[in-house]
Colleague: 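The structure is given below, and queries will be raised subsequently.
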Amino acid sequence: MFKLYYAPGTCALASHITLEEVGAPYSAERLNFKENQQNSPDYLKINPKGRVPTLVTDNGVLTETPAILAFIAHSFPDAKLVPQDPFAFAQVQSISSYLCSTVHVAHAHKMRGARWATEETSFADMKRKVPETMTACFALIERDMLKGPWVMGEQYTICDPYLYTIGLWLEGDGVDVATLPKVIAHRKRMSERPAVQKVMAEEKA
Ligand SMILES: N[C@@H](CCC(=O)N[C@@H](CS)C(=O)NCC(=O)O)C(=O)O
């Protein structure tokens, strides 16, 4: 039995969808970011990073979305959420890492400037840059990374819920999604999946 800590509207959605896709036994524990629950003493004992997602497993605690997604996929091989072929799996990890370390970080400059600077003027400048950096990231994804119908082509993989999750931030980040027809078609395809519908309803409730 797994326990996923999440907050609505965050990158934890990718892990939540993936747990649902594979039919894993899990419970989902919602944190209230408005009350700063991610930094409560009790939560910091579980995840000292003060972030979501956190996945509590029988083997210990996992953080970092790419690691959690790969763990879930490998724990439920029948769901075939990662390719067998080593090179194809490395491609999955490459996309996952890009979403985690570049795209998510570009997005975080909108609300979380205090991670990188102290001056109010620096925050405003970082925020102004977000539409440009997110547009550039997603132009690359649209052109080079999304094979269609799924990210890796015919096989639905852990890249799909991850791209879907980060892609939900585009409008709020000031990106003109009309320039991203493949990404938007992928979002629609994802929104039709029962696992996605179930998790979205749960996170909105
Ligand atoms: N690299 C981590 C990033 C985790 C992360 O930054 N999560 C955000 C939500 S999208 C968070 O918990 N933010 C809370 C905070 O900054 O206080 C991952 O991919 O899992």
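One-based numbering, in listed order, for ligands and for the atoms of each. FYI, side chains are in, hydrogens and waters are out, and symmetry mates aren't considered; it's all heavy atoms of this structure. Predicted, not measured: the structure shown is a model, and the values here were computed from it.
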Colleague: Would R51 and Y43 count as a cation-pi pair here, with the cationic atom under 6.0 angstrom from the ring centre and within 45° of the axis?
Modeller: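 The answer is no, since R51 fails at least one limit relative to Y43.
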Colleague: Would you confirm whether the ring centroid of Y26 sits within less than 6.0 angstrom of the ring centroid of H16?
Modeller: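 Yes, the ring of H16 comes within the 6.0 Å limit of the ring of Y26, centre to centre.
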Colleague: Name the residues in contact with ligand 1, where contact means a heavy atom under 4.0 Å away: which are they?
Modeller: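 For ligand 1, the residues that come within the 4.0 Å heavy-atom cutoff are T10, C11, F33, Q38, G50, R51, V52, P53, E64, T65, C100, H104, R112, R115, Y162.
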Colleague: Evaluate the ring pair (Phe, Tyr, Trp, His ring centres under 6.0 Å) criterion for residues F2 and F71: first the C-alpha distance (whole Å), next the side-chain angles of each, then the deciding distance (0.1 Å), finally the verdict.
Modeller: CA-CA 12 Å; F2 302 124; F71 169 76; 5.7 Å; yes
Colleague: Could you tell me which non-hydrogen atom of T165 sits nearest to which non-hydrogen atom of P161, and how far apart they are?
Modeller: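 Reported closest heavy-atom pair: OG1-O, 2.7 Å.
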Colleague: Assess R193 against W150: is NZ or CZ under 6.0 Å from the centre of the six-membered ring, and within 45 degrees of the ring's axis?
Modeller: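 Yes; both conditions hold, so R193 lies above the ring face of W150.
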Colleague: Taking ring-ring contact (aromatic ring centres under 6.0 Å, His included) as the test, write out the residues that go with F89, two or more places apart.
Modeller: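 For F89, the residues satisfying ring-ring contact (aromatic ring centres under 6.0 Å, His included) (neighbours in sequence not counted) are H74.
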